[in-house]
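Here the structure comes first, spelled out in structure tokens, and everything after it is commentary.
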Amino acid sequence: MPALRRSEWYDLARDLNWNLSYVTEDEAFPEVMSNNYGITPNEKWWAWDEPYKVSYREYVHNQYGKDASVYSVNSVIARSRMFEELDPGWKSAIVAHYGAIAVPEYLAGLGESRMGRFGRAAAWRNMALFGTLDETRHGQIQTYFPYTLLDKEPRMDWAHKALHTNEWGAIAARHLFDDMFTANDAVSTAIQLTFTFETGFTNLQFLGMAADAMEVGDLDFGALISSIQTDESRHAQQGEPTVRILVENGYADVAQRLVDHMFWRSWHVFALLTGLSMDYYTPLEHRSHSFKEFMQEWIVKQFLDQFRDFGLEPSWYWESHFLPELDWYHHALHLGVWFWRPTVWWNPDAGVSPAEREWLEEKYPGWNDTFGVYWDTIGDNIRRGEETKTLPETFPMVCNMCQIPVVTPAGFRAGKLESPEPHIHIHEGRQYVFCSEPCKWIFQLNPSRFAGHTSVVDRFLGGEIQPPTIPGALEWMGLSPEEMGQDATNYAWAYEGLEAPGAAAS
Amino acid sequence: MALFPIQGIYQDDFVVLLVPIDTEDPMTVVAEKIAHHAAGVRVPPAAGELRIKYQGELLDPEVTVVDAGVPPLGVLQAVTG
């Protein structure tokens, strides 16, 4: 029986802050590693606090229990035929998820460990140590689980491979995560990774996908991401106290800018990853909400509450750009990913059978007029046996910020943008192409941070991709013919509700 | 004659495309080259003559990108009328 209750010793043991005498603060906390944004002396950061107050002994005990539980589920399910019996669209969703998320979890461990060393309060460094261990666990578990499925789906090796290739989605993920945590200072990381990304968006990916996984019957994936989310909800708490210190010291504008920057970037990559999974890849009978409904419940409401609590404002683009994009952006990305399907490592599920189109029209009034018409033409080509017309002969332009194809014409067609044209910006003689006003704004906030990067299209035009053809680009992206995406249902959606070919003659 | 990249948008399509054209191509050919990637592929072929719009103005069908002062990766829309 402990002699002291935890509450009697925890804060004293945790808050081991002291004034430096052998080195200066700048030497111990260089700005590039820990930008204090002018809040000095360092004692002002020592008020940093978080609500979880877990001891190391408790942490290890809890994590051991979580791992024992979730690895047991995996061990049992690996001997079953559960994976083989999953819907092909759902399989695509998890193959995409593992490739986009597993290795970035390790990278997030770098960001956490930077906060573990350069966080400006001992309490923060303590929590970030747990965060480092969390992210290492998440990297391990999300490479191990797909590893156990390799004999059933060889492309599960993209869980490890994707981030080491030049596949365009992997470049988009690397660009985002480098900006957010791999190449970010500790203070900005706390606000951009934990406050903006984890508190909001990973809730959507992990809680939303966990709910869908259980509906679909994918107990393995459901158990995995539910387990991960319990860690996320703890270490995400590093954001709020950091924002609070900035606001209380008169730097609300800094916090606002950091949030606005990363919220937009997170939105675009989540529209690509989660938007497609929820509205097109998850079997219709198992969809509990649309992506837009999840966004409204988990993101819009939550962020508005947080903005109000901290005296921040909704981002300048909230009403003018973000909310309108909820109606069209991920639908355009889905169309693009499906059309350029050889360029991704999963099998995109068109998800546009008559019943699915009816659902999309109900959830997104006007979908048939705006997006259904493209699928009408594509479906006609499939039924005429002209598959080649449904495959790309050139590239889409790619945004120099989010690295995602520029789909402004879809926003224009949906009546949400005034022009179909991309946003052009010249910086030091180089032309940059952006998909949206906020992506351009993020670039202009800190051009030197982003100017040297080249998009897939820049690299193609610069001669890095040889031969300069679609096959040359696919090889450059690391995609062998066996790995390239194909329609997940072999075009069954194009024939649903129609008489089967040849049926009339029999 | 030289290969010349432009950003092409076909009327009613959903995406901005990288389209290779030739510096000698008149705008009628440029419009065909943009349309090749979208008309009958994702959208029905446009009814009527295709014209090229650049910076809000319809270009003369016979001019080239050099004549019109279009830079590499200039944004050209293929539209009817």
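So that the names make sense, note that chain A is the first sequence line, chain B the second, and so on, each numbered from 1.
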Using non-hydrogen atoms only, which part of A:Phe339 is less than 4.5 Å away from chain B: side chain, backbone, both, or neither?
-> side chain
Between the side chain of A:Thr394 and the main-chain N/O of B:Val19, is any donor-acceptor distance below 3.5 Å?
-> no
Write down the atom of B:Asp12, the atom of A:Tyr374, and the distance for their closest heavy-atom approach.
-> O-OH, 2.7 Å
Under the side-chain contact (heavy atoms from CB on, under 4.5 Å) criterion, do B:Leu18 and A:Leu461 qualify, and how do the steps go?
-> CA-CA 10 Å; B:Leu18 173 67; A:Leu461 294 172; 4.2 Å; yes
Largest heavy-atom contact set with chain A, pairs under 4.5 Å, which of B:Val16, B:Ile9, B:Leu17 | B:Val16
If you check every heavy atom in residues 399-410 of chain A against those of chain B, which residues fall under 4.5 Å?
-> A:Val406, A:Val407, A:Thr408, A:Pro409, A:Ala410
Heavy-atom distances under 4.5 Å only: say whether A:Phe460 touches chain B with side chain, backbone, both or neither.
-> side chain
Is it the case that more than 12 heavy atoms not belonging to A:Glu475 sit under 6.0 Å from its CD atom?
-> no
Determine which residues belonging to residues 66-78 of chain B lie within contact range of chain A, meaning some heavy atom pair is under 4.5 Å apart, and list them by number or answer 'none'.
-> B:Pro72, B:Leu73, B:Val75, B:Gln77
Largest heavy-atom contact set with chain B, pairs under 4.5 Å, which of A:Phe371, A:Phe395, A:Trp328 = A:Phe395
Below 4.5 Å from any heavy atom of chain B, which atoms of A:Leu335 appear? Answer side chain, backbone, both or neither.
-> both
Axial cation check for B:Phe14 ring with A:Arg413, 6.0 Å and 45° limits = no
Quick one: what part of B:Pro44 sits under 4.5 Å from any heavy atom of chain A, side chain, backbone, both or neither?
-> both
Could you tell me which portion of A:Glu421 (side chain, backbone, both or neither) has an atom closer than 4.5 angstrom to a non-hydrogen atom of chain B?
-> both
Could you tell me which non-hydrogen atom of B:Gln7 sits nearest to which non-hydrogen atom of A:Pro422, and how far apart they are?
-> OE1-CG, 3.4 Å
What part of A:Val398 lies closer than 4.5 angstrom to a heavy atom of chain B: side chain, backbone, both or neither?
-> neither
